[in-house]
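Reading through the structure tokens given below for one structure.
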Protein chains: 2
Amino acid sequence: MNNYTIMLREHNLKATPQRIAIIDIIDKYGHINIDKLYESIKNKFESISLATIYKNIHTMSENLLLLEVKLPNEKSVYEIVKGKHSHLLCNSCHSIIDIEVDTNMIENSISSKYSFNIDQSDLVLSGRCKNCLT
Amino acid sequence: MNNYTIMLREHNLKATPQRIAIIDIIDKYGHINIDKLYESIKNKFESISLATIYKNIHTMSENLLLLEVKLPNEKSVYEIVKGKHSHLLCNSCHSIIDIEVDTNMIENSISSKYSFNIDQSDLVLSGRCKNCLT
DNA sequence: CTGGGTGCAAAGTATTTGCATGAAC
DNA sequence: GTTCATGCAAATACTTTGCACCCAG
């Protein structure tokens, strides 16, 4: 019984081959959008339907196994839920890097200033990565 | 000659009544998504077409008069380009508040750590606002 | 006038749904 | 065996495009 099977079961989802393949690819890429996921998965899984991908992305997100990351000027990507982190996006090569950013001070200050109960913080920094800087 | 006319001209756009109405509404709401914009604008402008809205949102964004703001679990909203700021989103009443957050330290530290040239920083804090906290 | 904008209808994408079959547990 | 997932096709939603007509400058 592989890791992805365990992950799925822990999130109350049946471990179908399609689902395992989806998680496998997302895990290997780190972040991937629907189109590339579909393209990529068809190598392993010629018969898979796009509807199955959509349904599963949806179910797995509901069950907190996957997270949608919205990006400026790009299609959303999906990642496996892990600890809190932010994203660095290169507008040139479109690579995405997970970064650790301490946003506690910001959250605390805004939270008290506006009497707002913050439970999520989405930060995307974008620009040009090392490799793409001419 | 009203303010919106001036704004449009400054961004090299003809000041049509449709465009003025679009900016007027976005300005009054602060942030609005396409559907609500369309609904809202039809009060002033019964004949306007959704295609006109899409075309103009696109053109005005290209010309840096409007900015699309992507939000977790919500449709994107559009706002008039103004100084750098972040957003507070209430998951309950869906209101959005502009906030001033100093992200310079974060940007500098990430920028040097990854040799990354950051030119944009999108931060959305979400949770429950004052009014929605029971 | 002239260039560009508008509205309509149609085309193109993206995403969701219903349902019969099939697989997980 | 029961429950739920899959794949297909159809439906829906969202966005873009082409074109004839019209208006801003």
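Below, read A as the first sequence line, B as the second, and so on, with proteins coming before strands; counting in each chain starts at 1.
Of the side-chain N and O atoms in B:Y54, one or more sit less than 4.0 angstrom from OP1 or OP2 of D:dT15. Checking the phosphate oxygens (OP1, OP2) of D:dC23, no side-chain nitrogen or oxygen of B:T16 falls inside 4.0 Å. Contact check, A:T52 against D:dG7: a side-chain N or O comes under 4.0 Å of OP1 or OP2. The side chain of B:N56 places an N or O atom within less than 4.0 Å of a non-bridging phosphate oxygen (OP1 or OP2) of C:dT6. Between B:R19 and D:dA24, a side-chain N or O to OP1/OP2 separation shorter than 4.0 Å is absent.
A residue-by-residue look at B:Q18 and B:K14 shows that B:K14 has its nearest nucleotide of DNA chain C further toward the 5' end.
Checked by atom type, the side-chain pair B:N2/B:T5 shows a donor-acceptor distance below 3.5 Å. B:E107 and B:T103 form a side-chain donor-acceptor contact under 3.5 Å, judged by distance and modelled atom types alone.
Of the charged side-chain nitrogens involved, at least one lies within less than 4.0 Å of a carboxylate oxygen, so that B:K75 and B:D35 count as a salt-bridged pair.
Counting to the nearest Å, the C1' atom of D:dT6 and the CD1 atom of A:I41 are 12 Å from each other. D:dA9 atom P lies 14 Å from atom CG of A:L50, rounded to whole Å. At whole-Å resolution of the value, CD1 in A:I20 and P in C:dC25 are 8 Å apart. Residue B:D35 contributes atom CG, which lies 9 Å from atom C1' of D:dC14 at whole-angstrom precision.
The 12-atom threshold is not exceeded at NZ of A:K130, counting heavy atoms of other residues, nucleotides or ligands nearer than 6.0 Å.
You won't find any donor-acceptor pair under 3.5 Å spanning the side chain of B:K55 and the base of C:dG4, going by distance alone.
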